[in-house]
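Okay, structure first, notes after.
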Amino acid sequence: MREKVPPYFSIQVARKVQRYLSSKIVMKDLLPPFIETVAGIDLAYSGNLAVAAAVLLDYQTLQVLEKKVAVTKVMFPYVPTLLSFRELKAAFLAYKHLSQTPDVILVDAHGYSHPFRLGFASHFGVVVKKPTIGVAKKLLCGEIGPWKNNWAPIVAEGEVIGAALRTRKGIKPIYISVGNMVTLNTAIKIVLHTTRRYRIPEPVRQAHMECTRIARLLRSL
DNA sequence: GCGACAG
DNA sequence: ATCTTGTCGC
């Protein structure tokens, strides 16, 4: 039994696209020396509509500077490992609505810590050619290595593909990974810098609240 | 073949 | 992700 996806969509082609785009990921810190803005991206659903939110925040104060949303029809069912094909379009549109391009983007999904090394955060980062970081709440693949302090490496096939990170003491960790144009160490620092009193860093949390609010609104019509 | 499986 | 209220605990 094949995976349930539209007849015009081939899993085999998707895998090739993922392997190709994964090779385009830049594992270097190509961020400005002083980060001024961060963006958070997340999606929510209302029936067959995908609601994406892109929220821009000041990197130092974490004050929300701008919120944008985009709504598209869902074209793909949810298939683990193929999430980006389902969420990319709406996320891209919401992101393009921002009046200024952020220095770094936090995406509510895995990045490099993906079976084919191209989670949504990486797919998005490669497409928009911007530094992105994957911020996930559950592990998708790999094993958790020894804890150093507040973080532990996520290892797969002898390679560190991400990190489990306790953003707050005594709380379940979140899973961070390189999206694009950033180093895992820098990604961890940025995530810690942008989290306040919740488990989830502010950019992603704000984006989550925004798209959820709009989806709930559309749902009540 | 079996189980796992981001959002 | 989404369907959903109260409730236990710091």
Side-chain angles (χ1 to χ4, degrees), chain A residues 1-5 11 14-15 18 21-22 25 40-55 69-92 94-95 105-126 132-144 154-157 161-180 184 187 191 197-201 203-221:
Chain A
M1 197 72 81
R2 287 181 304 173
E3 293 170 76
K4 184 183 178 185
V5 294
I11 298 288
R15 296 305 181 210
Q18 292 183 314
L21 292 180
S22 179
I25 295 174
I41 288 182
D42 189 25
L43 286 86
Y45 296 86
S46 174
N48 64 334
L49 295 180
V51 181
V55 179
V69 297
V71 180
T72 66
K73 282 199 300 182
V74 177
M75 301 300 283
F76 298 95
Y78 168 66
V79 177
T81 75
L82 294 180
L83 178 65
S84 64
F85 294 93
R86 176 177 165 85
E87 314 202 316
L88 191 62
K89 186 173 184 177
F92 180 78
Y95 168 75
I105 307 163
L106 270 54
V107 182
D108 187 343
H110 279 281
Y112 192 71
S113 51
H114 173 280
F116 298 93
R117 307 295 181 267
L118 191 87
F120 177 36
S122 290
H123 196 154
F124 185 82
V126 170
T132 59
I133 296 170
V135 179
K137 295 175 287 298
K138 295 177 181 174
L139 195 61
L140 173 59
C141 67
E143 316 157 353
I144 303 302
I154 296 176
V155 183
E157 300 170 349
I161 59 175
L165 177 67
R166 271 189 214 297
T167 52
R168 302 214 39 140
K169 296 178 180 178
I171 287 185
K172 289 196 310 180
I174 57 177
Y175 304 91
I176 306 306
S177 61
V178 170
N180 190 34
L184 182 59
V191 168
R197 68 181 298 250
Y198 298 96
R199 181 168 82 117
I200 307 302
V204 173
R205 212 176 71 81
Q206 292 296 330
H208 184 271
M209 293 178 79
E210 182 63 3
C211 62
T212 297
R213 186 175 71 81
I214 300 301
R216 170 159 35 78
L217 194 152
L218 292 178
R219 207 174 298 143
S220 67
L221 296 178

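Chain naming here is simple, since letters A, B, ... match the order of the sequence lines and numbering starts at 1 in each.
- The CE atom of A:Met209 sits 18 Å away from the P atom of B:dG7 (whole-angstrom rounding).
- Base engagement by A:Tyr78 is indicated by at least one non-hydrogen atom pair under 4.0 Å involving a base atom.
- Nucleotide C:dG9 holds its C1' atom 13 Å from the CD1 atom of A:Ile171, rounded to whole Å.
- Regarding contacts with the backbone of B:dA6, every side-chain N or O of A:Lys137 stays at 4.0 angstrom or more from both OP1 and OP2.
- Under 3.5 Å, the side chains of A:Glu87 and A:Tyr78 contain no donor-acceptor pair of N or O atoms.
- Remark: C1' of C:dT2 and CG of A:Leu83 are 15 Å apart, rounded to the nearest angstrom.
- Here A:Arg86 does not reach the OP1 or OP2 of B:dG7: none of its side-chain N or O atoms lies under 4.0 Å away.
- Annotation: cation-pi geometry not satisfied between A:Arg219 and A:Tyr45 (NZ/CZ under 6.0 angstrom from ring centroid, within 45° of ring axis).
- The cationic atom of A:Arg205 (NZ for Lys, CZ for Arg) lies less than 6.0 Å from the six-membered ring centre of A:Tyr198 and within 45° of the ring axis.
- Note: CZ (A:Phe85) to P (B:dG7) measures 18 Å, nearest angstrom.
- Computed from coordinates, the A:Tyr45 OH to B:dG7 C1' distance equals 6 Å when rounded to whole Å.
- The listed nucleotides are B:dC5, C:dC3, B:dG7; the one nearest the side chain of A:Arg219 is C:dC3.
- Ring geometry for A:His114 versus A:Phe116: interplanar angle of 30 to 60°, hence tilted.
- The separation between A:Leu139 atom CG and B:dG7 atom P is 11 Å, rounded to whole Å.
- Distance, A:Ile161 CD1 to B:dA6 P: 14 Å, rounded to whole Å.
- When the side-chain nitrogen and oxygen atoms of A:His208 are compared with OP1 and OP2 of C:dA1, one or more of them lie within a distance under 4.0 Å.
- By the criterion of a centre-to-centre distance under 5.5 Å and near-parallel planes under 30°, the ring of A:Tyr175 forms no stack with the base of B:dA6.
- In this structure, the CZ atom of A:Phe120 is 13 Å from the C1' atom of C:dA1, given to the nearest Å.
- Side-chain contact check for A:Ser46 and A:Arg216: no donor-acceptor pair (N or O, by modelled atom type) lies under 3.5 Å.
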